[in-house]
Number of protein chains: 2
Amino acid sequence: MRIAEEGSRPTDRRAAPGRGTTVRATRQGDAVCAALTETDAFTSAQDLHALLRAQGTAVGLTTVYRHLQVLVDRGEVDMIRRDDGETVYRRCATEAHHHHLVCRECGRTVEIAGPEIEQWTATVAAAEGFVDVAHTVEIYGTCATCAAAAESTT
Amino acid sequence: MRIAEEGSRPTDRRAAPGRGTTVRATRQGDAVCAALTETDAFTSAQDLHALLRAQGTAVGLTTVYRHLQVLVDRGEVDMIRRDDGETVYRRCATEAHHHHLVCRECGRTVEIAGPEIEQWTATVAAAEGFVDVAHTVEIYGTCATCAAAAESTT
DNA sequence: CTGCATGCAAAATGTTTGCACTCTA
DNA sequence: TAGAGTGCAAACATTTTGCATGCAG
């Protein structure tokens, strides 16, 4: 069993809290942040890159990845791995622990808090003697809008 | 937003129910099944391949992937995507819907049923107007054994 | 001016596919 | 013997890294 080695590298740099990506304000950094703020859906680095490019803001794919990574490390952005393997990112309203209800059509996402779930996972894990517990809970479905659209098409 | 295209290809072939991988019994197919049955942990195709090879059973990596895919399609094997991107497989006791409590050290897994979770996700999704709902719930932690081992090492 | 940030090209992963060959039924 | 199964090599897709250059502070 392989465990991803967590880099304890000196990424201790912290920029002006509130805005910004890394220590410096750059056109690219702002662009990534902006693009991420504008969309409500979980977006992949590739899509984000294409989006920026189409929008006229030229940013290297590498740079997009790097900024996303920093934002995730900083907890400003949520990251989940889609079933097809792509990693998707989203700027969530709360930095507190929460889960997502994602529309599999349009990607629109609703943040949900579930005290009962936290409780349940903790209980279950404890019952089996597990410690240092974490969990992933994501709900996928079709939102009302997309369902209606599909309906009218059919 | 890209949705993985579900192959509705003519994989309608069904072998003797109970054992087997595909329609024919082969050394490789049996080996993959056996290896999967022997371990209690979620295992990646790569690890499974290495395992078989080390064990003396030469099987191509491609073949391992193909058998795993078939087994998953058939519902005989559970598949989840690890955080680091690798897809891991496991033969579960029940083919019914359930979740997993996975030890992040040794990979040992406990299958858990959570009626309250099913209930909760359905309720939450419905409240937001989502239909055709599915969910993923996995709990990760360190099992008692591994925790004890870590303890004595420290 | 200093050195963080950028981005191209190339490497690394993990997984899938084309195709000729093998072996089961 | 027919064709499912196998496996090598190559294609793929996504993400990461090396390195020379550019720009913010």
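So you know, we letter chains A, B, ... as the sequences are listed, proteins then strands, and number each from 1.
Nearest to the side-chain atoms of Glu86(B) among the listed nucleotides dA4(D), dG7(D), dG14(C) stands dG14(C). Closest to the side chain of Thr62(A), out of dC8(C), dA24(D), dG7(D), is dC8(C). The nucleotide whose nearest atom lies closest to any side-chain atom of Ala25(B) is, among dG7(D), dA24(D), dA25(C), dA25(C). The nucleotide whose nearest atom lies closest to any side-chain atom of Thr63(A) is, among dC8(D), dG3(D), dG7(C), dG7(C).
A tilted orientation is assigned to the rings of His99(A) and His135(A), their planes being inclined by 30° to 60°.
Nearer to the 5' terminus of DNA chain C, by closest-nucleotide assignment, is the contact made by Leu61(A) (compared with the other of Gly85(B) and Leu61(A)).
One finds a side-chain N or O of Thr87(B) lying less than 4.0 angstrom from the OP1 or OP2 phosphate oxygen of dT15(C). Taking side-chain N and O atoms only, His67(B) has no distance below 4.0 Å to OP1 or OP2 of dG5(D). Taking side-chain N and O atoms only, Tyr65(A) has a distance below 4.0 Å to OP1 or OP2 of dT15(D). At dT22(C), none of the side-chain N or O atoms of Gln28(B) fall inside 4.0 Å of OP1 or OP2 (strictly under the cut-off).
Protein atom CZ of Arg27(A) is 14 Å distant from nucleotide atom P of dG22(D), rounded to whole Å. dG22(D) atom C1' lies 10 Å from atom CZ of Arg24(A), rounded to whole Å. With rounding to whole Å, Asp83(B) atom CG is found 18 Å from dT13(C) atom P. Nucleotide dA4(D) holds its P atom 19 Å from the CG atom of Asp30(B), rounded to whole Å.
Residue Arg66(A) places a side-chain atom within donor-acceptor reach of the base of dG7(C), judged by atom type and a 3.5 Å distance cut-off alone.
Counting heavy atoms from C-beta on, the side chains of His67(A) and Val59(A) never come closer than 4.5 Å. Looking at heavy atoms from C-beta onward, Trp120(A) lies in side-chain contact with Val137(B) at the 4.5 angstrom threshold.
The closest donor-acceptor contact from the side chain of Arg82(A) to the backbone of Ser44(A) lies at 3.5 Å or more, if one exists at all.
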